[in-house]
2 protein chains.
Amino acid sequence: MPRPREFEPDAVVDQAMLRFWWRGYRATSIEDLVKATGVKPGSLYSAFPGGKHALFLKSLERYSKLIVPQKLGELAAPGASLAALRGYFDGLVQDLLSPEGRQGCLLVNTAIENAAEDDEAAAVVRGHLARLEQCMTTALRNARGAGEVRASVDPAGHAKVLVATCQGLMVVGKANPDATVLRAIVDNAFAVLV
Amino acid sequence: MPRPREFEPDAVVDQAMLRFWWRGYRATSIEDLVKATGVKPGSLYSAFPGGKHALFLKSLERYSKLIVPQKLGELAAPGASLAALRGYFDGLVQDLLSPEGRQGCLLVNTAIENAAEDDEAAAVVRGHLARLEQCMTTALRNARGAGEVRASVDPAGHAKVLVATCQGLMVVGKANPDATVLRAIVDNAFAVLV
DNA sequence: CTTGTTCTTGAATGGTTGCTCATGTATGTT
DNA sequence: AACATACATGAGCAACCATTCAAGAACAAG
C-alpha cells in the first residue's frame, strides 16, 4: 500500500562509487550526488540511513564486488600463472595511462585518505589486500611449479611484495602517469623473478 | 619604520606541514592553523599570499627539505649500500607501527589526495620520487659492486621497483599497521635480491 | 611628537557543508 | 471513495569553509 520508490538504490550506490572513486570522500558532496543521480537529499537520506558515510561504505563494497573482479581478470582463477599476474600489472599501467583510469584504485585512495580515521573503511581495504595477496600467492605458486620463476622465490612471501608493489605503482602513477616509468617498474619487478 | 612581524613565518609553515601531514589538505582548515599557530587569519593571509594552497605548497617543500633527508639517513650518502637501503625500509616500517608515524609520508598522501587536481603539488611529489630513485640506484649499484646482490639485478631498473614498493608499503601500512605483515614485505623484497 | 609604513586583530563576507523536516503525493487495501 | 503507508520534494538549518577588510597598534625616520 505504500508509495513505491521511484529510483533504484543500487544505481545511486553506483553513482556514489564513481564520485568517491574520482574525487575522494571529502571532496564529494551530497549535492554532487544529488546532481549525479537526480535523487533529492530527503530521499537519499531516507534510502541510506547513516548518510554520506554509510553511502561511502556501500560504495566501497560495491567497488570490491563489481570493479575489483573485473580488474583481477584471469588472476582470480585458481589456475592463474605468471602470464595472468603480469597481465594484471599491465592492466594497472594501462588504466593509469588512460584518461578514464587515472583515478587509480578506490581502495588505495581510501587507504590513504580515510583508513587512519575510519576503521570500517580500513577493514574493507584490508579485505581487498588479503584477496589480492591470495590471488598472487596462487599465481606465483603455479608459476613456480611450471618453472616460470626461480625456485628460490617464496610464493606466499613474494606475493606480499607484489601487493605492495602494485599499490606503489598506483601512487607513482598518480603523480607521474608516464608510460616509460610505469612500464619500467613492472618490467623490473618481473625481471627479478626469473 | 614598519611595524615588525610578531611571528616566525617558518614556524607557521612547520605547523601547517604537520597538520597537512596528519589530516590531509582538505581536512585541514585555516581555523586549525590559526589555533595551532596563534596567528590570526589576517596575518596569515598577508604573510602567505595565495592563502591555503600557497601554504600547502610551502609545506610540501619544507617536508622535502626537512623530513625527507632525515628519513633517508645514510641512504642519501654516495657510499650507501645494501645496509643503508635496508635501513631505510626498516625505518619506514618502524614509523608506520609507531603512533607518531602512522600518518605515513606527506608526499605519498599528497600524490593520492591532490596530484590529479594540483599540478604544482604533483611536481613536488615527482621531485621526491626522482630523488628517492636516485638514492636507491646508487645504493643498489654499490651493493652489486660489493657482491651483496646478484649480478643480474639491474640497479637503475630495480631502484624503480623499490621506489614503488616503499610507496606501496605505506599504503598497506595505513590500512593494516601490522608488524608481521610489514616486516614480511620488506624481508621478501630484499630476499629476492640475493 | 608627528608621520609613514607595515603589522595585528577579529568581525564579517558569501559560499558550502551534511543533514532535517513539514508538506504534498502516489500507491494498495478496505 | 476513503484511508494508511511509505515516498518525493526542496526550502531551510546550523555549522563550517576560505577569505577579506576596516580599524587600531607598533615601530623607525624626520
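Within every chain, numbering begins at 1; the chains are lettered A, B, ... in the order of the sequence lines, protein sequences first and strands thereafter. Predicted, not measured: the structure shown is a model, and the values here were computed from it.
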Look up atom [atom1] in [X] and atom [atom2] in [Y], then write down how far apart they are to the nearest 0.5 Å.
| X | Y | atom1 | atom2 | result |
| --- | --- | --- | --- | --- |
| Asp178(A) | Ile185(A) | CG | CD1 | 9.5 Å |
| Cys105(A) | Leu132(A) | SG | CG | 8.5 Å |
| Leu82(B) | Asn142(B) | CG | CG | 10.5 Å |
| Cys166(B) | Lys71(B) | SG | NZ | 13.0 Å |

Gap between atoms [atom1] and [atom2], on [X] and [N] respectively (whole Å):
| X | N | atom1 | atom2 | result |
| --- | --- | --- | --- | --- |
| Glu31(B) | dG10(C) | CD | C1' | 12 Å |
| Arg23(A) | dT16(C) | CZ | C1' | 13 Å |
| Leu33(A) | dC19(C) | CG | P | 11 Å |

Do the side chains of [X] and [Y] get close enough for a salt bridge, i.e. N-O under 4.0 angstrom?
| X | Y | value |
| --- | --- | --- |
| Asp187(B) | Arg86(B) | yes |
| Arg26(B) | Glu113(B) | no |
| Glu6(A) | Arg3(A) | yes |

Test item: Leu44(A) and Leu55(A) side chains (from C-beta on) under 4.5 Å apart, heavy atoms: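 Yes, close enough: below the 4.5 Å cut-off.
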
Those residues of residues 36-59 of chain A lying under 4.0 Å from DNA chain C by at least one heavy atom: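 Going residue by residue through residues 36-59 of chain A, the ones with a heavy atom under 4.0 Å of DNA chain C turn out to be Pro41(A), Gly42(A), Tyr45(A), Gly51(A), Lys52(A).
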
First and last nucleotide of DNA chain D, 5' to 3', lying under 4.0 Å from heavy atoms of chain B: dC17(D) to dA28(D)

Between Phe20(B) and Tyr63(B), ring centroids under 6.0 Å: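 Ring centroids of Phe20(B) and Tyr63(B) are no less than 6.0 Å from each other.
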
Just the table, please: protein N/O against nucleotides 28-30 of chain C N/O, every pair under 3.5 Å.
| from | atom 1 | to | atom 2 | distance (Å) |
| --- | --- | --- | --- | --- |
| dG28(C) | O4' | Met1(A) | N | 3.4 |

Heavy-atom pair of closest approach, residues Gly168(A) and Gln167(B):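 Nearest pair, atom of Gly168(A) first, then Gln167(B): CA-CB, 3.8 Å.
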
